[in-house]
Amino acid sequence: MTELVHRDTTAGVATITLDSPANRNALSRQLRRELTDHLDAAIADPTARVIVLTHTGSVFCAGMDLKESRGASADDQGVTEVPRILETLWTSPTPVVAKLHGAARAGGVGMVAACDISVAAQTVTFAFTEVRLGLIPAVISVPVLPRLSPRAAQELLLTGETFDAARAAEIGLLTRAVADVDAEVARYVEMLRLGAPAALAGTKDLLLRARPASMSEDFAEMNALSARYFAGEDGQEGIRAFAEKRPPRWVTDLA
């Protein structure tokens, strides 16, 4: 089986690359499993001072693999690994930098929010597409909502509108939207490598204390809610419509 996620550690930087471009780096079962394993290995590696999460292809991550969600029950939706990935990114004692040359949608936006620093090219776009598929952005709301301004969250999660990298930086989803992503990520990596590992981990723990609710408890509740919508009537109709490249019935019913 061809590996969909790669890890390379050089000069103190563990680069984890999503490499399933034919599937728009969607969060398939295999990709979720490999990403979890590589994140755990990078965090456990004492030589890795910084983790960089990046991708091949024109899309950073399109969210859940909807082909696997079609026809599956709530218990078989496979969304349980996504909270694990997001919480690992959020709580990692090793700083995590997201590096985007391509678009992020749904769960991909959740990963961007969960990283400590996220840098994207100015041409990159984002969208919370869940409502247009009969789903809700339940799981990703746990890391996303602390990042976004409340008005922007209300607007973008309800409308599903596509927005650009400049807007993403303005509302707090991105750290920076830049012309030269490679140079900007390299700049952040160099600054992070100047920090003592224990001090960086302690500072991350300090920052996490500002969030009063338990992320694990939030994820347990949101995961169950998300799975119900994936398996629900509207969710399955939205997934079918997406696969068949047609409007879902709640749109055509308005005609």
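Values reported hereafter were calculated over all heavy atoms of this structure, with side chains retained and with hydrogens, waters and symmetry mates removed. The structure presented is a predicted model; accordingly, all values stated were derived computationally and were not measured.
- Screening Arg33, Arg32, Glu34 for a side-chain hydrogen bond (donor to acceptor under 3.5 Å, both in side chains) with Gln30, the sole residue that qualifies is Glu34.
- Sorted by first and then second residue, the side chain to side chain donor-acceptor pair (under 3.5 Å) pairs involving residues 166-175 (not counting sequence neighbours) are Glu155-Arg167.
- Taken together through direct or relayed side-chain contacts under 4.5 Å among Ile, Leu, Val, Met, Phe, Trp and Tyr, Leu135 and Ile85 form part of one hydrophobic cluster.
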Worked verdict on Val5 versus Ile16 for side chain to side chain contact (heavy atoms under 4.5 Å, CB included): CA-CA 7 Å; Val5 183; Ile16 297 176; 3.6 Å; yes
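- Every residue was checked against the salt bridge (Lys or Arg N to Asp or Glu O under 4.0 Å) condition with Asp37, not counting sequence neighbours, and none meets it.
- In this structure Ala138 satisfies the side chain to side chain contact (heavy atoms under 4.5 Å, CB included) test together with Ile136, Met222, Leu225, Ser226, sequence neighbours excluded.
- When side chains are defined from C-beta on, Ser28 counts as touching Leu4, because their heavy atoms get closer than 4.5 Å.
- Side chains of Thr54 and Val185 form no contact here, defined as non-hydrogen atoms less than 4.5 Å apart.
- Phe230 approaches Met64 most closely through the heavy-atom pair CZ-CG, 3.8 Å.
- How far OG1 of Thr159 is from CZ of Phe128: 10.0 Å, rounded to the nearest 0.5 Å.
- Using modelled atom types, one side-chain atom of Glu68 and one backbone atom of Arg29 make a donor-acceptor pair closer than 3.5 Å.
- Minimum interatomic distance between Val142 and Phe219 (heavy atoms only, all atoms of both residues): CB-CE2, 3.6 Å.
- Within the structure, salt bridge (Lys or Arg N to Asp or Glu O under 4.0 Å) contacts touching residues 132-144 (residues at least two apart or in different chains) do not occur.
- Take Glu161 and apply the salt bridge (Lys or Arg N to Asp or Glu O under 4.0 Å) test, not counting sequence neighbours, and it matches no residue.
- Distance OG1/Thr56 to CG/Leu18: 8.0 Å, rounded to 0.5 Å.
- Residues Pro197 and Arg49 come closest through the heavy atom pair CG-NE, 3.3 Å.
- By the 4.5 Å heavy-atom criterion applied to side chains, Val251 and Pro248 are counted as neighbours.
- Residues satisfying the side chain to side chain contact (heavy atoms under 4.5 Å, CB included) criterion with Glu221, sequence neighbours excluded, are absent altogether.
- Under the rule for a salt bridge (Lys or Arg N to Asp or Glu O under 4.0 Å), Arg24 has no partner lying at least two apart in sequence or in another chain.
- Remark: Glu190 engages Arg193 in a salt bridge, criterion side-chain N to carboxylate O under 4.0 Å.
- Atom-to-atom distance recorded for Trp90:CH2 and Leu207:CG is 9.5 Å, nearest 0.5 angstrom.
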Just list the side-chain donor-acceptor pairs under 3.5 Å for residues 96-113, sequence neighbours left out, or say none.
| unit_1 | atom_1 | unit_2 | atom_2 | d |
| --- | --- | --- | --- | --- |
| Lys99 | NZ | Asp182 | OD1 | 3.0 |
| His101 | NE2 | Asp182 | OD1 | 3.1 |
| Arg105 | NH1 | Thr125 | O | 3.0 |
| Arg105 | NH1 | Thr125 | OG1 | 3.2 |
| Arg105 | NH2 | Thr125 | OG1 | 3.0 |

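- Under a 3.5 Å cut-off, the side chain of Asn25 and the backbone N or O of Val59 do form a donor-acceptor pair.
- Legend: residues meeting ring-ring contact (aromatic ring centres under 6.0 Å, His included) with Tyr229, ordered by chain and number and at least two apart, are absent.
- The two residues Pro83 and Val139 come nearest to each other via the heavy atoms CG-CG1, 3.8 Å.
- Residues Ile117 and Leu192 are in side-chain contact: their nearest non-hydrogen atoms beyond the backbone lie under 4.5 Å apart.
- Taking Asp45 as the reference, nothing meets the salt bridge (Lys or Arg N to Asp or Glu O under 4.0 Å) condition, with sequence neighbours excluded.
- In this structure, Gln236 CD and Leu66 CG are separated by 9.5 Å, a value rounded to the nearest 0.5 Å.
- Within the structure, the side chain to side chain donor-acceptor pair (under 3.5 Å) test picks out the following pairs touching residues 111-122 (sequence neighbours left out): Asp116-Lys204.
- Note that CD1 of Ile51 and CZ of Arg7 are 9.5 Å apart. Values are rounded to the nearest 0.5 Å.
- Taking Arg249 as the reference, Glu233, Asp234, Glu237, Thr252, Asp253 meet the side chain to side chain contact (heavy atoms under 4.5 Å, CB included) condition, with sequence neighbours excluded.
- With respect to the salt-bridge test (charged N to carboxylate O, under 4.0 angstrom), the residues Arg84 and Asp40 qualify.
- You'll find the side chain of Val50 stays beyond 4.5 Å of the side chain of Leu200, heavy atoms only.
- Of the possible donor and acceptor atoms, none in the side chain of Thr17 sits under 3.5 Å from a partner among the backbone N and O of Asp19.
- Atom CD of Gln154 has 12 or fewer heavy atoms from other residues, nucleotides or ligands within 6.0 Å.
- Ala120 and Leu174 get closest at one heavy-atom pair: CB-CD1, 3.6 Å.
- One hydrophobic cluster, built from ILVMFWY side chains closer than 4.5 Å, cannot hold both Ile171 and Val119; they sit in different ones.
- To the nearest 0.5 angstrom, Thr91 atom OG1 is 10.5 Å from Leu86 atom CG.
- At a threshold of 4.5 Å between non-hydrogen side-chain atoms, the residues Leu173 and Phe163 count as touching.
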Audit row: Phe60, Leu53, side chain to side chain contact (heavy atoms under 4.5 Å, CB included) steps and yes/no: CA-CA 10 Å; Phe60 170 68; Leu53 179 62; 4.0 Å; yes
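- Residue Ala48 comes nearest to Thr94 through the heavy atom pair O-CG2, 3.8 Å, listed as atom of the first residue, atom of the second, then distance.
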